[in-house]
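Values reported hereafter were calculated over all heavy atoms of this structure, with side chains retained and with hydrogens, waters and symmetry mates removed.
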Amino acid sequence: MEAVCLPLPSAAHLPAWWPFDPAQHIAAHAERCLWLEVQTWPKPGLVSHVDRGSHADMDVHTFRRSAQALRPYFAELARAAAHGADMATLRRIGVRAEHAMMSVTAGVNTHRGAIFGMGLLSAAAAVRGTGDESLGAVVARRWGADIGAGPRPADSHGVVAAHRYGAGGARAEAALGFPSVYRIGVPALREAALIAPDDQEAMRVHACFALIAAVDDTNLLHRGGAEGLRYAQDTARRFMQRGGIAHRDWRATAQAAHRDFVARNLSPGGSADLLAMSLFVHGLP
């Protein structure tokens, strides 16, 4: 049976007698959603349990080690947020998480974007109240003003591409409360659940294509420039316009897109991170 993201309680939702550490639950959920992202195929150009996609330096095992190494830091971020941590404190934990990732991947960047986005969502999950406020809204309210003020790593392809092409990138996405997650990723997962309720992997493929179609992915800009981004978005839009996974030949179409992205050395890594974050949000009450 395929694993799914099960609903997990936030710290604010747990009674005082609850016997488990809510930060550990949040961290386990974050790790599971990172793992579900890589266990999704066909995702055009991306690493999966089937192949390496457009990447010669990483595979599914690299991603597994990375996700496992990050789990304690997601828990630490949740605990820090529950104690009122500011963005500078969260950022320091994130830097240590990145070092841990690099140590288990031989210096390969598997999850830098996910450390930032999933880390903030994990922090938000620990402090969200019982009202209707979304995790993204919590991030924007508590840390949005400070998100863009921190140092930008000089070796970040996403940062360079965002500056060169005027794309918002991961920081703008987070500061605004993750609009791509809430307006694209989560709705696509819900739509796919109506189409194929018994096929969790297909649901994730549907959401992945929806995100690629709409997001100005800085990883695509880095690898293919504006032309590569347009090609990727147009390919994903055609897939979605045909009904996504509702089309009878969706799997063959998605596989063809995957081959085309690999041939062009395109990889929508930002969309992959947003898919994992969408799974995280979708799986929480």
Side-chain angles (χ1 to χ4, degrees), residues 2-5 30-71 74 97-98 100-119 155-158 161 170 180 185 188-189 200-213 215 217-224 228-229 231-233 235-236 239 245 251 253-280:
E2 186 175 7
V4 297
C5 282
E31 179 193 0
R32 182 162 61 239
C33 292
L34 290 178
W35 182 233
L36 286 173
E37 183 278 316
V38 79
Q39 288 278 355
T40 303
W41 189 84
K43 303 179 312 244
L46 294 164
V47 175
S48 73
H49 57 294
V50 174
D51 60 35
R52 294 172 179 258
S54 299
H55 299 268
D57 58 347
M58 61 183 83
D59 59 19
V60 66
H61 304 294
T62 318
F63 275 80
R64 184 54 165 163
R65 292 194 300 273
S66 177
Q68 289 175 331
L70 294 177
R71 177 171 172 170
F74 292 136
E98 186 173 325
M101 172 193 74
M102 292 293 191
S103 71
V104 299
T105 64
V108 175
N109 172 21
T110 47
H111 284 127
R112 176 181 277 165
I115 291 170
F116 182 68
M118 191 76 84
D155 62 340
S156 170
H157 296 150
S180 295
L189 287 170
Q200 297 285 326
E201 186 177 31
M203 290 167 55
R204 300 194 298 270
V205 171
H206 190 83
C208 186
F209 271 87
L211 287 162
I212 296 169
V215 172
D217 193 314
T218 54
N219 287 271
L220 288 170
L221 285 169
H222 166 70
R223 283 178 172 253
L229 175 63
Y231 175 82
Q233 289 178 332
T235 300
F239 179 85
I245 62 169
R251 196 174 295 275
T253 304
Q255 290 174 6
H258 178 58
R259 291 191 295 270
D260 288 346
F261 276 44
V262 172
R264 294 170 180 261
N265 196 35
L266 296 175
S267 177
S271 299
D273 292 338
L274 289 168
L275 172 60
M277 288 181 252
S278 298
L279 291 166
F280 183 87

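Closest non-hydrogen pair, Arg65 versus Val104, comes out as NE-O, 3.0 Å. Of all heavy-atom pairs spanning Ala207 and Leu189, the tightest one is CB-CD2, 3.7 Å. Residues Cys33 and Ala276 share a closest heavy-atom pair of CB-O, 3.6 Å. Here the shortest heavy-atom pairing between Val108 and Met101 reads O-CE, 4.3 Å.
Gln233 contributes a side-chain N or O that, together with a main-chain N or O of Val215, makes up a donor-acceptor pair within less than 3.5 Å. At distances below 3.5 Å, not a single donor-acceptor pair connects side-chain atoms of Ser66 with backbone N or O atoms of Phe63. Remark: side-chain polar atoms of Arg204 are paired, donor with acceptor, to backbone N or O of Leu36 under 3.5 angstrom.
Note that CD of Glu201 is 10.5 Å distant from CD1 of Ile245, once rounded to the nearest 0.5 Å. Once rounded to the nearest 0.5 Å, the distance linking NE2 of His111 with CE of Met118 reads 8.0 Å. A distance of 9.5 Å separates OG1 in Thr110 from CD in Glu98, rounded to the nearest 0.5 Å. Between Ile115 atom CD1 and Leu70 atom CG the span is 4.5 Å, to the nearest 0.5 Å. Between Leu34 atom CG and Arg32 atom CZ the span is 11.5 Å, to the nearest 0.5 Å.
Among residues two or more places apart in sequence or in another chain, the salt bridge (charged side-chain N to carboxylate O under 4.0 Å, His left out) test is passed with Arg259 by none. Residues passing the side chain to side chain contact (heavy atoms under 4.5 Å, CB included) test with Val262, sequence neighbours excluded: Ser54, His258. Scanning for side chain to side chain contact (heavy atoms under 4.5 Å, CB included) contacts around Arg71 gives Gln24, Ala27, Ala28, Glu31, with sequence neighbours left out. Listed by chain and residue number, Pro44, Phe209, Thr235 satisfy the side chain to side chain contact (heavy atoms under 4.5 Å, CB included) test with Ala257 (two or more places apart in sequence, or in another chain).
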For residues 266-273, run the donor-acceptor check on the side chains, cut-off 3.5 Å, and write out each pair with its distance to 0.1 Å, sequence neighbours left out.
residue : atom : partner : partner atom : Å
Ser267  : OG   : His55   : NE2          : 2.7
Ser271  : OG   : Asp217  : OD2          : 3.0

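For the salt bridge (Lys or Arg N to Asp or Glu O under 4.0 Å) condition, the pairs that include at least one residue of residues 40-62, sequence neighbours left out, are Glu37-Lys43, Arg52-Asp59.
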